[in-house]
Structures are given as structure tokens and as C-alpha cells.
Number of protein chains: 2
Amino acid sequence: MEEKDTCEFICVHEDAVKDVKSKMLEDEFFFEVSDNFKAFGESTRLKIMYALSQRDLCVCDLAAVLDMSQSAISHQLRVLRGKNLVKFRRKGKMVYYYLADEHVVSMIEFGVEHTKEKL
Amino acid sequence: MEEKDTCEFICVHEDAVKDVKSKMLEDEFFFEVSDNFKAFGESTRLKIMYALSQRDLCVCDLAAVLDMSQSAISHQLRVLRGKNLVKFRRKGKMVYYYLADEHVVSMIEFGVEHTKEKL
DNA sequence: CTTCCATATGAATAGTTGATCATATAATAT
DNA sequence: ATATTATATGATCAACTATTCATATGGAAG
């Protein structure tokens, strides 16, 4: 038998709550989805990905395009790599980054379109 | 004539940078897009919106569904209201929240689908 | 009006995170 | 080897944020 030690929830509509609760997804899954959104939810990372959607770029070029330090860019690229949103290939001393798959492109487009429509 | 006081950017590929730079959007716009993504980039807010995509719910029901405090939910609802992602209507003492428009639903679906495919 | 209940909100706090600085690594050239 | 250049990364710091706690607001009922 369940017992809430939080003494609230007097007003709960049991049927509605039960209904929605049954339709909720795994907590773990929500976490993954939001974690994915989070990658796009920071303007520096979004700009990096947008730039890469135009063409593959090395770190230095990205820094120039965004007018930011190489270090800052590298750190964000690391985050994006960790989420499998970008990949890279070496070419001599340089490292060229590119978007990991079409999902990234369509996610950006989706966000851009929806934001435009909201204006 | 431009002069960077940051003494780096030796490796920049001018043509590539110029090309991509010309294709970049307004800084302000990138900020808005990422700000929108950010709303979905936090699991509590995402869960709230997902729950509301199933049916309109009052604050107390949301708290019950997510098993979180009423205060925490209210604070996040405030954030969502601020970004015009949810709206509400009063019914007596209670306040029913619902998603502001179809954009919210499709954004959630989009994120969910893309995350599924990545597994 | 007063009480009760649903919700909102300000303040405080802990955890997260993005940028910088300094430094390390890795590849190329000399 | 050593020097140079491109990138990566650890540490630090400041800014931001999600939750909690305490309290306020606002509607309904007595």
C-alpha cells in the first residue's frame, strides 16, 4: 500500500492522473530526449551545428565563423561528439568536423521553421 | 580594415569561412531558436508538456503524474508560460494547463521519434 | 469576513555549465 | 631531435537554473 509522506495532493483527479500516468514513457527515455534537445538548446552549439550543416569545417574555421576562441569551440565540439551529433576526420594537423547524420539537419530545420512561424 | 586582437586564426580557410559566414542567420535568431529548444531540453518540462499532450491537467494532477512537488511544477509552468508553450484557464480554485499550439506537440513527437531511431 | 484549498512566487541553495587560461597532445616540417 | 601549428583538455570561475521552503494570492464555501 502506498503512502505519500508529502501530505498534499488533496485535489488530485484520480482518473485523469491514472490515465495520463499510464501513457507516460520511461523516465530514462524522457531523460534521453530532453538531453538531445539540450544539445540544440544552447546558441553556441546550435551555431556550430548550423555552420556544419552548410559544409564541413575545421576547428579553426568554426572559431572564425562564430568569432569565438578555439578552446570554447573545442569544448562544445566535445559535448556534441559525446552526444553523437558530430563526427570528425583528421587531415594533417587539422580536424574536420561534420554532422553525424540527417537527424541533426532536420532537427535544426525543424527548430528554425517553428521559431519563424512563432514570430 | 579589420584586425583581430586575438592573435590566432592562422589556419583559417578564408573562402570557407566567408562562405559559411554569409549563410549564418542573425545572432538574435539563433538565440531564439536555441531558447526554444532549451525549453524541451529539461526532463521535467518535457514531461509536463508530454503529459499535457495527452490531456489538459491542473497543477495538482501534474504534480501527481510526475510525482513532484506542486511548487516545482508551478515554477516550471511559469517558465513554459513565459515561452508561450502552455496556456491555462481557471476553473474555480484550480488552474488547468494545456499546450499553447500544435508546434509543441510536433516538437515533442519529433524529439521522441529521432531519439528512438538513434537507439 | 474568515477559513480552506489550489496555485503562485520570492528567497535561498545546490548543482550544472559555458567560457577562459594554461597546458598537453598530435601531426608536420626543418 | 626540435620547432611550429592545430586541436584537445583539465582547472577555475562566473553565470545560470531547478528544486525546496516559506509565504502570498485568489477563489469558493461557510
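Lettering of chains follows the sequences in order, A, B, ..., and the numbering in each one begins at 1. Everything numeric in this text was worked out from a predicted model, so none of it was measured. Heavy atoms only: backbone and side chains are in, while hydrogens, waters and symmetry mates are out.
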Quiz item: Can the SG atoms of B/C58 and A/C11 be said to lie under 2.5 Å from each other?
Solution: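 No disulfide here.
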Quiz item: Any donor-acceptor pair under 3.5 Å joining the side chain of B/S71 to the base of C/dT7?
Solution: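 Result: no qualifying N/O pair found.
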Self-check item: Check: D/dC21 base within 3.5 Å donor-acceptor of B/S69 side chain
Solution: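 Not at all, since no donor on one side and acceptor on the other fall under 3.5 Å apart.
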At under 4.0 Å, does any side-chain N or O of [X] touch on OP1 or OP2 of [N]?
{"X": "B/Y97", "N": "C/dA6", "result": "no"}
{"X": "B/R78", "N": "C/dT7", "result": "no"}
{"X": "B/T44", "N": "D/dT19", "result": "yes"}

Self-check item: Closest-nucleotide 5' rank along DNA chain C - winner of A/R90 and B/R81
Solution: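 The answer here is B/R81.
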Practice problem: Determine the interplanar angle of the B/F30 and A/Y50 rings, folded into 0 to 90°, and report it as parallel if under 30°, tilted if 30 to 60°, perpendicular if over 60°. | Solution: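 The rings of B/F30 and A/Y50 stand perpendicular, inter-plane angle above 60°.
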Tell me: [atom1] of [X] to [atom2] of [N], nearest whole Å?
{"X": "A/Q70", "N": "D/dT5", "atom1": "CD", "atom2": "C1'", "value": "11 Å"}
{"X": "A/R89", "N": "C/dA26", "atom1": "CZ", "atom2": "P", "value": "21 Å"}
{"X": "B/D61", "N": "C/dC5", "atom1": "CG", "atom2": "P", "value": "17 Å"}
{"X": "B/K91", "N": "D/dA28", "atom1": "NZ", "atom2": "P", "value": "12 Å"}
{"X": "B/I48", "N": "C/dT7", "atom1": "CD1", "atom2": "C1'", "value": "14 Å"}
{"X": "A/L62", "N": "D/dA8", "atom1": "CG", "atom2": "C1'", "value": "14 Å"}
{"X": "A/R45", "N": "C/dG18", "atom1": "CZ", "atom2": "C1'", "value": "8 Å"}
{"X": "A/E42", "N": "C/dG18", "atom1": "CD", "atom2": "P", "value": "5 Å"}

Quiz prompt | Minimum-distance nucleotide to A/A72 side chain [options: D/dT19, C/dA19, C/dT7] | solution =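 Of D/dT19, C/dA19, C/dT7, C/dA19 is nearest to the side chain of A/A72.
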Quiz item: Quick one: which of D/dC21, D/dA6, D/dA18 gets closest to the side chain of B/Q76?
Solution: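 Among the listed nucleotides, the one closest to the side chain of B/Q76 is D/dA18.
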Quiz item: Around atom NZ of B/K83, are there more than 12 heavy atoms of other residues, nucleotides or ligands at under 6.0 Å?
Solution: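 Count over threshold, so yes.
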Practice problem: Hey, which sits more toward the 5' end of DNA chain D by its nearest nucleotide, B/K93 or A/L77? | Solution: A/L77
Quiz prompt | Face-to-face stacking of B/H75 with D/dT19, centres under 5.5 angstrom, angle under 30° | solution =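 No; by the centre-distance and plane-angle rule, B/H75 does not count as stacking on D/dT19.
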Quiz item: Okay, side chain of A/R45, backbone of A/A39: is any donor-acceptor separation there less than 3.5 Å?
Solution: yes
Quiz item: For A/F88, which contact category applies under a 4.0 Å heavy-atom criterion: base, sugar-phosphate, or nothing?
Solution: nothing
Quiz prompt | Polar contact flag, side-chain donor to acceptor under 3.5 angstrom, B/S106-B/E102 | solution =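 Distance-only check fails for B/S106 and B/E102.
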